[in-house]
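Here is how names work: the chains are called A, B, and so on, in the same order as the sequence lines, proteins then strands, and each is numbered from 1. As a basis for the values below, the full set of heavy atoms in this structure was taken, side chains included, without hydrogen atoms, waters or symmetry mates.
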Number of protein chains: 2
Amino acid sequence: MQYIIFNMGVTQKHLFTDQQNELAALAKAIGHPARIAILQHLIQSNTCINGDLVQEIGLAQATISQHLRELKEVGLIQGTIEGTKVSYCIHPGKWNELQTLFDGFFKTFDKCCNSSC
Amino acid sequence: MQYIIFNMGVTQKHLFTDQQNELAALAKAIGHPARIAILQHLIQSNTCINGDLVQEIGLAQATISQHLRELKEVGLIQGTIEGTKVSYCIHPGKWNELQTLFDGFFKTFDKCCNSSC
DNA sequence: ATTATATATTGCAATATTACGATTAAATTA
DNA sequence: TAATTTAATCGTAATATTGCAATATATAAT
């Protein structure tokens, strides 16, 4: 009689620190070209709506909406309802956190110490 | 008679620039806590082998091997065969490219321009 | 009230990812 | 040569992701 085999297909987050999980979650969020494109367009135009991105990128409305939700869930963007539209923009605080976390991670590798193998 | 419906479940890379795809691919590669942990351990110990990481992280040998392959495929690490072991280390050039690409991306958002919505 | 506009959600199909055991491959050691 | 060590690959199971059409929801305009 079997109770649990093990969690197949699921990331074993408990093996890692909160910082490792957070860094990975942020990296994963920007780990799709559509979400990179969305962020770049938001940065350029300050704010924009779903429909703009559908035009700009060329994916279906539902698909863009889904990508926006993922970026929102990780906190990198925020949306404000304006009539029938929703105005999206970068969340400056989270963007700063993203930058700081990644910078810190990158800097831990000191290029002067020859890392060869 | 139907030839192509469309590519379900597959990222539509042709919609994006090479730079967007490259940035996303690198972000995706570090978008898993196990791969973050592997990179951090490589940075700390300069080089290490599969078995070390299995001990350190606590995932199965095959799983660590798979994560190592993903990091190798994107070019962030390299492996050198040494007897029965394979010594892994960071690829300094690619690490530098990673850093430069992300830095450039982060900087395009200028915090002074109030991005609110 | 009805129609138009815009986005979110649901449902579905297909591929991708995560994880592990078992096996294979390749070099080292006894 | 045979046994040991180490890592890669194969096979499999389960979940996650990607993408779209269709539908639902909610506000604005007629």
Side-chain angles (χ1 to χ4, degrees), chain A residues 2 4-16 21 24-25 27-38 47-74 77-88 117, chain B residues 2 4-16 21 24-25 27-38 47-74 77-88 117:
Chain A
Q2 206 139 17
I4 290 178
I5 304 177
F6 73 95
N7 285 335
M8 296 189 114
V10 182
T11 297
Q12 305 279 71
K13 294 190 183 169
H14 63 278
L15 296 174
F16 309 100
N21 284 318
K28 191 176 179 181
I30 62 176
H32 190 290
R35 294 193 287 271
I36 296 280
I38 288 172
T47 69
C48 68
I49 64 170
N50 191 311
D52 295 339
L53 295 163
V54 173
Q55 284 295 314
E56 183 76 19
I57 292 172
L59 288 168
Q61 183 266 319
T63 308
I64 296 292
S65 188
Q66 198 176 342
H67 284 303
L68 284 169
R69 182 171 56 191
E70 280 175 71
L71 289 171
K72 202 164 58 184
E73 269 169 7
V74 83
I77 66 172
Q78 56 195 154
T80 312
I81 299 170
E82 283 178 7
T84 58
K85 305 177 183 181
V86 177
S87 187
Y88 284 100
C117 58
Chain B
Q2 206 137 18
I4 290 178
I5 305 177
F6 73 96
N7 284 336
M8 296 189 115
V10 183
T11 297
Q12 305 278 69
K13 293 189 184 170
H14 63 278
L15 295 174
F16 309 100
N21 283 318
K28 192 176 179 181
I30 62 176
H32 190 289
R35 294 194 287 271
I36 295 280
I38 288 172
T47 69
C48 68
I49 64 170
N50 190 312
D52 294 339
L53 295 163
V54 173
Q55 283 296 313
E56 183 76 19
I57 292 172
L59 288 168
Q61 182 267 318
T63 308
I64 296 291
S65 189
Q66 198 175 342
H67 284 303
L68 284 169
R69 183 172 55 192
E70 280 175 72
L71 289 171
K72 203 164 56 183
E73 270 170 6
V74 82
I77 67 172
Q78 56 194 156
T80 312
I81 299 170
E82 282 178 6
T84 58
K85 306 177 182 181
V86 176
S87 188
Y88 284 100
C117 57

Query raised in the report: Does A/Y88 have a side-chain nitrogen or oxygen under 4.0 Å from the phosphate oxygens OP1 or OP2 of C/dA6?
Result: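 No, no such contact exists.
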Query raised in the report: Are OP1 or OP2 of D/dA7 and a side-chain N or O of B/R69 less than 4.0 angstrom apart?
Result: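 No, because none of the side-chain N or O atoms of B/R69 sits under 4.0 Å from OP1 or OP2 of D/dA7.
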Rounded to whole Å, how long is the line connecting atom [atom1] of [X] with atom [atom2] of [N]?
X     : N      : atom1 : atom2 : answer
A/D52 : C/dA6  : CG    : P     : 10 Å
A/I64 : C/dA6  : CD1   : C1'   : 14 Å
A/Q55 : C/dT5  : CD    : C1'   : 14 Å
A/E82 : C/dA8  : CD    : P     : 13 Å
A/N21 : C/dT18 : CG    : P     : 13 Å
B/L71 : C/dT18 : CG    : P     : 11 Å
A/I57 : C/dT7  : CD1   : P     : 13 Å

Query raised in the report: With a non-hydrogen cut-off below 4.0 angstrom, is A/L68 in contact with a base, only sugar-phosphate, or nothing?
Result: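 Result for A/L68 = nothing.
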Requested in this report: Answer with base, sugar-phosphate or nothing: what part of the nucleic acid does A/I81 contact at a heavy-atom distance below 4.0 Å?
Outcome: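 Nothing, no nucleic acid heavy atom in range.
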Report task. Would you mind building the protein contact string for nucleotides 16-24 of chain D? One character per nucleotide, 5' to 3', B for base within reach (heavy atoms under 4.0 Å), S for sugar-phosphate only, - for untouched. Result -> SSBBBB---
Going from [atom1] on [X] to [atom2] on [Y], what distance comes out if it is rounded to the nearest 0.5 angstrom?
X     : Y     : atom1 : atom2 : result
B/Q55 : B/Q61 : CD    : CD    : 12.0 Å
A/T84 : A/I49 : OG1   : CD1   : 7.5 Å
A/I36 : A/I57 : CD1   : CD1   : 11.0 Å

Query raised in the report: How are the rings of B/H32 and B/H67 set to each other: parallel, tilted or perpendicular (split at 30° and 60°)?
Result: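 The rings of B/H32 and B/H67 sit tilted, inter-plane angle from 30° to 60°.
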Query raised in the report: Can you check whether A/C48 reaches A/L53 side chain to side chain, under 4.5 Å on heavy atoms?
Result: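 A side-chain contact exists here, since the closest heavy-atom pair is under 4.5 Å.
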Report task. Please tell me if the side chains of A/T47 and A/T80 come closer than 4.5 Å, counting only heavy atoms from C-beta onward. Result ->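 A side-chain contact is absent here, since even the closest heavy-atom pair is not under 4.5 Å.
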Requested in this report: Give the intermediate values and the outcome of side-chain contact (heavy atoms from CB on, under 4.5 Å) for residues B/N50 and B/V86.
Outcome: CA-CA 7 Å; B/N50 190 312; B/V86 176; over 6 Å; no
